[in-house]
Colleague: 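The structure is given below, and queries will be raised subsequently.
A, B, ... follow the sequence lines: proteins, then strands. Residue 1 opens every chain. Please read these numbers as outputs of a predicted model, since none were measured by experiment.
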Amino acid sequence: MNIFEENINKITALILKNQKFLKLKNLNEFKGIVVESPPEQFNYDLSCNAGLVLGKMNKIDPKELADKIKHLILKNLKDFQDIEVAGPGFLNLKLSKQSLISNIDKILKNKKTYGKKNSNKNYNIEFVSANPTGPMHVGHCRGAIYGDVLANLLKFNGNKVTKEYYINDYGNQINNFAKSVFLRIREIKYNEKFILEADLYPGEYIIEIGKKIIDSNKKEKFNDFAQSLELLKKESLKHSMNLIKLDLKELGIEHDNFFSERKLIENKLVDKAINYLKKNNYVQEGYLQPPKGEADKTWKKIKRLIFKSTLFGDDTDRALQKNDGSWTYFANDVGYHMDKVNRNYEYLINVLGADHTGYTKRITAAVNALSENKVKLNCKVCQLVKLYKNGKPFKMSKRAGDFISAQDLLNEVNKDSIRFMMLNRSNDVELDFDFDKVLEKSKDNPVFYVQYSFARISSLFKTLNKDLDDQIRLDPKTFTLNDNEIKILRKVFEWPKIIETASTKYEPHKIPYYLYELATLFHSYWSRGNDDQSFKFIKDGKIKKIETLAIIVLIATVIQRGMSILGVSLPNKM
RNA sequence: GCGCCCUUAGCUCAGUUGGAUAGAGCAUCGGUUUUCUAAACCGAGGGUCGUAGGUUCGAAUCCUUCAGGGCGCGCCA
């Protein structure tokens, strides 16, 4: 249920029915007419711009038209007790008691699904996809949480969602990774000094992986790299993926599907995809221009296969073959996305780090080419995370291999705080993450603040010896709400709209913001009893007003739904 | 040189896909507790929405110009 949608439907139906009386001719579309929350100072439940929009289309004075609509509504719809025409022609509407009660009842009867925007599409979200050459670092966490919460959100609405991880387990980087492990094994087993070369991985974890491989391959001598290569690749990959999966698990993230680049090649999916593009004349043999900007010494003018991605909005066509004729990373990714298209997803989402901004156009172009524009790929880029400690930038050391890992973060900060804070910004802007702030138990820390409101509610119900799921019956004869309660109720009514925009625009950050605002209203409501005893909720162990209970259950319900989408826990006691 | 993102209060940011007097938090100043959890609340000050134009009844929001910041720009992955 969505109070704005319901009422826009009622109002537009009424206008349609009375269009002659209103002298309206242009009624073919009601586009642009909305019902939303009016600014707080007006003290109304809903506002509607029908007078403005229709007045403009039909060349009627908006105020005059709004006034007619006002009387029409008051006469025909019982949902409203008071309507004013305000400003340039807005209708501000106040819900009747009956309507308030029935709206509250509807939510109380459908707590688990309150806010759900029904949808049953098939989504694939690819996220994290960190290189399988070591554990996750802090930078990966933001995209990881963004993708996971997006998945939760879309699932909450009823969609089918596959959470996918693309493992880049093919090509040079894996050989270099295996070589690094090999050299570390030589170091451990034969005391040979590990000399760091370019392209090798220096991290401490390589030593750990080496030790594990030695333990599980006691007979292996590791004398010849070429001979051990296949074994080393397989084993090293297994261990590094385990590290990554462990990190993900601690962040509360579990993927449904891990898609291997190596298998993609082995199954000839790239060739199939390229053949498809060839058939449709989207590729050609040719030469590309040298890259602009910094000169590239390795650039060679060689005839090669090129994807005509400019046909689909890219800035330049893209190479599918390297100098030696083998497929580029991009070509492999084309094969991968062909497979996604063939798996019949309706929507594809790729969550990428800021360093992949330049990549989005070509892969989006590829999906358009592969699906004849039927499947929509949406690349969402998460901007950088800047770490702070005590308000000062926490610099990542430039020493090779020394990076701040997801584990480092998890050692200091709990999962709940990381998840909430990483989403407390739009993915489009850089995010400051302060190690100390997220640990604070105060209003400065939004995670805490929201959790605390729920703890207070739990405590209240404990005092009352009641359960959040107990039935609440509101009596129309005595029903009354004070200022705080009305404000809260209006906020609660906005919840479905938050879900809708968060899920259609892929903007989960709206949820933490909203929850913070709701928590603020709750704390304010609660604290009023400190100033004035008459605003205390309880007297002699019993609730004074049944409406209070209803309002508080509504708050708790929305906070529960919101936090469960965010994947953040809600302690009963703090 | 090109692409993407950003520019809103001293600081960090929201701003419901064109609406009403632009909102939070932090910081600053002042107030509230023998408690249903003060780990909280209440109040005050603080703005030329980067610049210059355009579109219209109406722009922080849409279009164009310019300036500033970030990321990226290989036939690496």
Colleague: Within the 4.0 Å heavy-atom criterion, would you say A:Ser527 contacts the bases, only the backbone, or no part of the nucleic acid?
Modeller: sugar-phosphate

Colleague: Side chain of A:Lys361 only, heavy atoms from C-beta on: which candidate in B:rA14, B:rA77, B:rC4 is closest?
Modeller: B:rC4

Colleague: Any cation-pi pair here, A:Lys497 with A:Phe4, using under 6.0 Å and within 45°?
Modeller: yes

Colleague: Could you tell me how far apart A:His509 (NE2) and B:rC6 (P) are, to the nearest whole angstrom?
Modeller: 11 Å

Colleague: Look at atom NZ of A:Lys308 and say whether more than 12 heavy atoms of other residues, nucleotides or ligands are closer to it than 6.0 Å.
Modeller: yes

Colleague: Which one, B:rC5, B:rU16, B:rA77, comes nearest to the side chain of A:His356?
Modeller: B:rA77

Colleague: Could you tell me whether A:Gln321 contacts a base, only the sugar-phosphate backbone, or nothing, with contacts defined as non-hydrogen atoms closer than 4.0 Å?
Modeller: sugar-phosphate

Colleague: Return whichever of A:Ala354 or A:Phe535 has its heavy-atom-nearest nucleotide of RNA chain B closer to the 5' end.
Modeller: A:Phe535

Colleague: Would you indicate what A:Ile498 reaches in the nucleic acid, counting non-hydrogen atoms under 4.0 angstrom: base, sugar-phosphate, or nothing?
Modeller: nothing

Colleague: Looking at the side chain of A:Val53, which of B:rG19, B:rA14, B:rU12 is the nearest nucleotide?
Modeller: B:rG19

Colleague: Looking across every strand, which nucleic acid part, if any, lies under 4.0 Å from A:Ala86 by heavy atom: base, sugar-phosphate, or nothing?
Modeller: base

Colleague: Please state whether the base of B:rA77 and the side chain of A:Asp355 form at least one donor-acceptor pair under 3.5 Å?
Modeller: no

Colleague: Could you work out the separation of B:rC41 and B:rG25 based on their P atoms and round it to a whole Å?
Modeller: 9 Å

Colleague: Where the side chain of A:Asp531 is defined as all heavy atoms beyond and including C-beta, which of B:rC4, B:rU32, B:rC6 is the nearest nucleotide?
Modeller: B:rU32

Colleague: Can you tell me how far C1' of B:rA40 sits from CG of A:Asp532, to the nearest Å?
Modeller: 17 Å

Colleague: Base, sugar-phosphate alone, or nothing: which one does A:Tyr516 contact when heavy atoms must sit under 4.0 Å apart?
Modeller: sugar-phosphate

Colleague: Is A:Arg528 positioned over the aromatic face of A:Phe535, cation under 6.0 angstrom from the ring centre and no more than 45 degrees off axis?
Modeller: yes

Colleague: What parts of residues 451-466 of chain A reach RNA chain B, counting only heavy atoms under 4.0 Å away?
Modeller: A:Tyr452, A:Ala455, A:Arg456, A:Ser459, A:Leu460, A:Thr463

Colleague: Just compare B:rU32, B:rC57, B:rA77 and give me whichever is closest to any side-chain atom of A:Lys56.
Modeller: B:rC57

Colleague: Look at the side chain of A:Lys573 and decide which nucleotide, out of B:rU37, B:rG3, B:rU12, has an atom nearest to it.
Modeller: B:rU37

Colleague: Distance check, C1' atoms only: B:rA20 and B:rC57, in whole angstrom units.
Modeller: 13 Å

Colleague: Using a heavy-atom cut-off of 4.0 Å across all strands, would you classify A:Pro62 as base, sugar-phosphate, or nothing?
Modeller: nothing

Colleague: In terms of heavy-atom contacts, does NZ of A:Lys466 have more than 12 from other residues, nucleotides or ligands at under 6.0 Å?
Modeller: no

Colleague: In whole angstrom, give the distance that lies between atom CH2 of A:Trp526 and atom P of B:rA39.
Modeller: 12 Å

Colleague: Look at the side chain of A:Phe90 and decide which nucleotide, out of B:rG3, B:rU16, B:rA20, has an atom nearest to it.
Modeller: B:rA20

Colleague: If we take the P atom in both B:rG72 and B:rC11, what is their distance in whole Å?
Modeller: 26 Å

Colleague: OP1 or OP2 of B:rC36 versus the side-chain N and O atoms of A:His523: is any pair under 4.0 Å?
Modeller: no

Colleague: Do A:Lys301 and A:Tyr287 form a cation-pi contact, if we require the NZ or CZ to be under 6.0 Å from the six-membered ring centre and within 45 degrees of the ring's axis?
Modeller: yes

Colleague: Roughly how many Å apart are B:rU7 and B:rA60, using the P atom of each and rounding to a whole number?
Modeller: 15 Å

Colleague: Determine the interplanar angle of the A:Tyr513 and A:His509 rings, folded into 0 to 90°, and report it as parallel if under 30°, tilted if 30 to 60°, perpendicular if over 60°.
Modeller: perpendicular

Colleague: Could you state the atom-to-atom distance from CZ of A:Arg425 to C1' of B:rC11 in whole Å?
Modeller: 11 Å

Colleague: Which heavy atom in A:Pro88 sits nearest to a heavy atom in A:Leu52, and how many Å separate them?
Modeller: O-CD2, 3.6 Å

Colleague: Hey, does the side chain of A:Lys505 come within less than 4.0 Å of B:rU17's phosphate (OP1/OP2), counting only N and O?
Modeller: yes

Colleague: Quick one: is A:Ser524 getting a side-chain N or O under 4.0 Å of the B:rC42 phosphate, OP1 or OP2?
Modeller: yes

Colleague: Would you please classify the geometry between the A:Tyr329 ring and the A:Tyr166 ring as parallel, tilted or perpendicular, with 30° and 60° separating the classes?
Modeller: tilted

Colleague: Using atom CG of A:Asn424 as one end and atom C1' of B:rA24 as the other, report the distance to the nearest whole Å.
Modeller: 11 Å

Colleague: Given pairs defined as Watson-Crick or G-U wobble with both distances under 3.5 Å, what dot-bracket annotation applies to RNA chain B, with ( ) intrastrand, [ ] crossing, | other strand and . unpaired?
Modeller: (((((((..((((.........)))).(((((.......))))).....(.(((.......))).))))))))....

Colleague: Can a side-chain donor-acceptor contact be found between A:Asn43 and A:Arg490 if the only test is distance below 3.5 angstrom?
Modeller: yes

Colleague: Hey, are A:Asn424 and A:Tyr516 close enough side-chain-wise for a donor-acceptor pair under 3.5 Å?
Modeller: no

Colleague: Nearest to the side chain of A:Phe448, which nucleotide is it out of B:rA39, B:rC13, B:rA77?
Modeller: B:rA39

Colleague: Give the minimum heavy-atom separation between A:Asp434 and A:Lys389, together with the two atoms involved.
Modeller: OD1-CA, 4.0 Å

Colleague: Between B:rG18 atom C1' and A:Asn49 atom CG, what is the distance in whole Å?
Modeller: 10 Å

Colleague: When the C1' atoms of B:rU61 and B:rA22 are considered, how many whole Å apart are they?
Modeller: 11 Å

Colleague: Could you work out the separation of B:rG68 and B:rA52 based on their C1' atoms and round it to a whole Å?
Modeller: 15 Å

Colleague: Using atom CZ of A:Phe42 as one end and atom C1' of B:rG23 as the other, report the distance to the nearest whole Å.
Modeller: 15 Å

Colleague: Can you check the A:Phe537 CZ to B:rC36 P distance for me, whole Å?
Modeller: 12 Å

Colleague: Applying a 4.0 Å non-hydrogen cut-off, can you work out what A:Asn92 is touching in the nucleic acid: base, sugar-phosphate, or nothing?
Modeller: base

Colleague: Record whether the side chain of A:Ser47 comes under 3.5 Å of the base of B:rA20 through a donor-acceptor pair of N or O atoms.
Modeller: yes

Colleague: For atom C1', what is the distance between B:rG53 and B:rA67, given to the nearest Å?
Modeller: 15 Å

Colleague: Looking for any heavy atom pair under 4.0 Å, which part of the strands does A:Tyr513 touch: base, sugar-phosphate only, or nothing?
Modeller: sugar-phosphate

Colleague: Could you tell me which non-hydrogen atom of A:Ser47 sits nearest to which non-hydrogen atom of A:Asn92, and how far apart they are?
Modeller: CB-OD1, 3.2 Å

Colleague: Which residue lies toward the 5' end of RNA chain B, A:Phe330 or A:Tyr525, if each is placed at its nearest nucleotide?
Modeller: A:Tyr525

Colleague: Can you tell which of B:rA20, B:rC13, B:rG19 lies closest to the side chain of A:Gln41?
Modeller: B:rA20

Colleague: Among side-chain atoms of A:His337 and A:Asn350, is any donor-acceptor pair under 3.5 angstrom?
Modeller: yes

Colleague: Which is true for A:Lys510 with a 4.0 Å heavy-atom rule: it touches a base, it touches only sugar-phosphate, or it touches nothing?
Modeller: sugar-phosphate

Colleague: Taking atom P in both B:rC26 and B:rC49, what distance in whole Å separates the two?
Modeller: 25 Å

Colleague: Between B:rC6, B:rA20, B:rA77, spot the one nearest the side chain of A:Asp428, thanks.
Modeller: B:rC6

Colleague: Compute whether any side-chain donor of one residue and acceptor of the other, for A:Asn445 and A:Ser442, lie under 3.5 angstrom apart.
Modeller: no

